[in-house]
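Below: the structure, in structure tokens.
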Amino acid sequence: PEDPDVIIAVATRVFWHEHRVDKARAWLRKAVAMRPDHGDGWAFLVRFEQQNGTPADAARCAEECVAAAPTHGERWRRVARAPGNSRLTTAQVLQLVMADLPEV
């Protein structure tokens, strides 16, 4: 599939849920490589690395997200466009979107 939301769904609902860490990481990486401007993918990837990788891995992914400057994604847009959030940095929006993600 060419839709990052589908890739993310498979990565989170199948691989991550089944503790197939390497496969989940690869699919989440595939989603953000496919559409670097898709903030939801970055949020899932950073959360995944926080739970399954090292702090350095999570920090590196967060830095890559900031460099990509995402503007798309259902959760990303909702958070970024919420009243009072217009002046937030990409890193701050990332943290808010990660807090909005469902538990995996």
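Counting from 1, the numbers follow the sequence of the chain as shown.
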If we only count heavy atoms from C-beta on, is the H38 to D5 side-chain gap below 4.5 Å? yes
Show the atom names and distances, to 0.1 Å, of all donor-acceptor pairs under 3.5 Å that link a side chain in residues 52-62 to residues at least two apart or in another chain.
| from | atom 1 | to | atom 2 | distance (Å) |
| --- | --- | --- | --- | --- |
| N52 | ND2 | F48 | O | 3.2 |
| T54 | OG1 | A56 | N | 3.4 |
| T54 | OG1 | D57 | N | 3.0 |
| T54 | OG1 | D57 | OD2 | 3.1 |
| D57 | OD1 | R60 | NH1 | 3.2 |
| D57 | OD2 | T54 | N | 3.2 |

Return the minimal non-hydrogen interatomic distance between A24 and A11, and the atom names on each side. CB-O, 3.8 Å
Verify the cluster assignment for V21 and L45: are they in a single hydrophobic cluster under the rule of side-chain heavy atoms below 4.5 Å apart? yes
Looking at every heavy atom in both G39 and W76, which two are closest together, and how far apart are they? CA-CE3, 3.5 Å
From CA spacing to verdict: side-chain contact (heavy atoms from CB on, under 4.5 Å), W16, R47: CA-CA 11 Å; W16 189 351; R47 159 95 62 84; 3.5 Å; yes
Are V32 and M34 connected in the hydrophobic side-chain network, where two residues link if heavy atoms are under 4.5 Å apart? no
Would you call R29 and E64 a salt bridge, using N to O less than 4.0 angstrom? yes
Distance-only donor-acceptor hits, side chain of residues 84-102, under 3.5 Å, sequence neighbours excluded:
| from | atom 1 | to | atom 2 | distance (Å) |
| --- | --- | --- | --- | --- |
| N85 | ND2 | V79 | O | 2.7 |
| T89 | OG1 | Q92 | N | 3.2 |
| T89 | OG1 | Q92 | OE1 | 3.3 |
| Q92 | OE1 | T89 | N | 2.8 |
| D100 | OD2 | R78 | NH1 | 3.0 |
| D100 | OD2 | R78 | NH2 | 3.4 |

Contact check, side chains of P70 and C65, non-hydrogen atoms, under 4.5 Å: yes
Heavy atoms, side chains only, cut-off 4.5 Å: are R20 and W27 in contact? no
Joint hydrophobic cluster, I7 plus L28, side-chain heavy atoms closer than 4.5 Å: no
Chi angles and distances behind the side-chain contact (heavy atoms from CB on, under 4.5 Å) call for R35, W42: CA-CA 10 Å; R35 292 240 346 252; W42 286 109; over 6 Å; no
With rounding to the nearest 0.5 angstrom, report the NZ to CD1 distance, K30 to I8. 12.0 Å
Should K23 and E18 count as an ion pair when the cut-off is N to O under 4.0 Å? no
Set out, in order, the CA-CA distance, both residues' side-chain angles and the distance that settles side-chain contact (heavy atoms from CB on, under 4.5 Å) for H17 and T12, then state yes or no. CA-CA 6 Å; H17 182 72; T12 58; over 6 Å; no
Is the count of non-hydrogen atoms from other residues, nucleotides or ligands lying under 6.0 Å from Q51 atom CD greater than 12? yes
